[in-house]
Amino acid sequence: MDLGVAGRKAIVCASSRGLGYACAKALAQAGCEVVINGRNEAQLAAAAAELKKTTGGKVVPVTADVALAKGQKALFAACPEPDILVNNNAGPPPRDFRQLTREQMIDGVVGNMIVAVELIQKVIGPMTERKFGRIVNITSGSVKMPLAGLDLSSGARAGLTAFLAGVARTVADKNVTINNILPGAFDTDRLSSVLTNAAKQKNITKEEAAAQRAATIPARRFGKPDEFGAACAFLCSAHAGYITGQNLLIDGGTFSGAF
Ligand SMILES: NC(=O)c1ccc[n+]([C@@H]2O[C@H](COP(=O)([O-])OP(=O)(O)OC[C@H]3O[C@@H](n4cnc5c(N)ncnc54)[C@H](OP(=O)(O)O)[C@@H]3O)[C@@H](O)[C@H]2O)c1
């Protein structure tokens, strides 16, 4: 399917690896000019080179911490008026909620809620004027199905979801959409470190920990980042203008509910 976004400009935050990278790849394949981002310069440069090689698209790497004002400034310097914004950032490390300090909680809310809102504040005006805008936020399946130890992540992302549910309705008539994609278990570096920790805790091999986790998923496997990227690119496409304020759970059937 032609997604109808060739030549559109996209900023994909936190995209040198994993789900962000997959979104950038799918958008570049659809013909978008893509700004990719991460803090590790060498890793980001390698990701940009790979994307250029595999998609033939225009890819601009911006080494920056998306959670900082100067990082956000650097992203907009590279792409002042994006048509597409994919919000992504690392989540806070797992921790028993009793042990969270005030500072850690504020950092978590900043990283997984406030940063996305700040970026949206900057892009929404020009998007509504141009009558085209696609905003996708990578949140987490934990918004619908909280996991103990990831309470800060779940809470901050649920806050973002509720915040944007209202905002999305105020710009829908300008062909600007705001949607969230909620990943379940996807095969990325982050999942790999989660499995390494699980293996240590249970005194089993990482392969055994992976098999145990996959067995809890109705699809009996982890998601492939490219599957996630394709869904993101569709939500950013010209065809998705009537889909807004939605939460797309991609988890191989893990969340067991009819709605
Ligand atoms: N994979 C899953 O199964 C899963 C499930 C539920 C939720 N999620 C959530 O989905 C998001 C993406 O996960 P992932 O699995 O793709 O993670 P990942 O494989 O660890 O990749 C994270 C990417 O974000 C970049 N990054 C992290 N912090 C950044 C910052 N402050 N500024 C700019 N770039 C930053 C990293 O590059 P640098 O380190 O170089 O900055 C890297 O490119 C996370 O919020 C995660 O919690 C993932």
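Both ligands and their constituent atoms are indexed starting at 1 by order of listing.
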Just by modelled atom types, is the [Y] backbone N or O under 3.5 Å from a matching donor or acceptor in the [X] side chain?
X: Asp251; Y: Pro183; answer: no
X: Asn179; Y: Leu235; answer: no
X: Glu129; Y: Met127; answer: no
X: Asn89; Y: Gly111; answer: yes
X: Arg134; Y: Ser237; answer: yes
X: Asp65; Y: Ala67; answer: yes
X: Ser153; Y: Pro92; answer: no
X: Asn37; Y: Ser15; answer: no
X: Arg220; Y: Ala215; answer: yes
X: Asp151; Y: Gly149; answer: yes

### Query
Which bit of Glu41 gets closer than 4.0 Å to ligand 1, counting heavy atoms only: side chain, backbone, both or neither?
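Neither; no heavy atom under 4.0 Å.
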Is there a heavy atom of [X] sitting under 4.0 angstrom from any atom of ligand 1?
X: Thr139; value: yes
X: Gln72; value: no
X: Ala47; value: no
X: Ala185; value: yes
X: Pro225; value: no

Starting from [atom], locate the nearest protein heavy atom and write down its residue, its atom name and how far away it is, to 0.1 Å.
atom: atom 16 (O) of ligand 1; answer: Leu19 N, 2.7 Å
atom: atom 36 (C) of ligand 1; answer: Arg17 NH2, 3.4 Å
atom: atom 25 (C) of ligand 1; answer: Ala14 CB, 3.6 Å
atom: atom 47 (O) of ligand 1; answer: Arg157 NH2, 2.9 Å
atom: atom 30 (C) of ligand 1; answer: Asn89 OD1, 3.4 Å
atom: atom 48 (C) of ligand 1; answer: Arg190 NH1, 3.8 Å
atom: atom 37 (O) of ligand 1; answer: Ser16 OG, 3.2 Å
atom: atom 27 (C) of ligand 1; answer: Arg39 NH2, 3.3 Å

#### Entry: Any non-hydrogen protein atom less than 4.0 Å away from atom 44 (C) of ligand 1
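Within 4.0 Å: yes, protein heavy atom nearby.
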Give the numbers and elements of all ligand 1 atoms closer than 4.0 Å to a heavy atom of [X].
X: Asp189; result: 19 (O)
X: Ala64; result: 32 (N), 33 (C)
X: Gly91; result: 45 (O), 47 (O)
X: Ile138; result: 10 (O)
X: Ala90; result: 27 (C), 28 (N), 45 (O)
X: Gly18; result: 16 (O), 19 (O)
X: Asn40; result: 40 (O)

### Query
Going by the angle between their ring planes, with limits at 30° and 60°, are Phe186 and Phe228 parallel, tilted or perpendicular?
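It falls in the perpendicular class, over 60°.
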N/O to N/O below 3.5 Å, does that happen between [X] and ligand 1?
X: Ser140; result: no
X: Gly20; result: no
X: Gly38; result: no
X: Phe186; result: yes

### Carboxylate-amine/guanidinium contact Glu208 Lys202, below 4.0 Å
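Result for this pair is no, no salt bridge flagged.
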### Query
Salt-bridged, Asp96 to Arg98, with N to O below 4.0 Å?
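Looking at Asp96 and Arg98, the cut-off is met.
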### Message
Within the 3.5 Å criterion, strictly below it, is a donor on Ser192 or Lys206 matched to an acceptor on the partner's side chain?
### Response
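Ser192 vs Lys206: donor-acceptor pair found between side chains.
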### Query
Which is closest to atom 14 (P) of ligand 1 by heavy-atom distance: Thr188, Val12, Asn112?
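It is Thr188 whose heavy atom sits nearest to atom 14 (P) of ligand 1.
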### Task
Report yes if the side chains of Val86 and Cys13 come closer than 4.5 Å at any heavy-atom pair, otherwise no.
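Not in contact.
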### Query
What pair of heavy atoms forms the shortest contact from Ala78 to Val60, and how long is it?
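Taking every non-hydrogen atom into account, CB-CG1, 4.3 Å.
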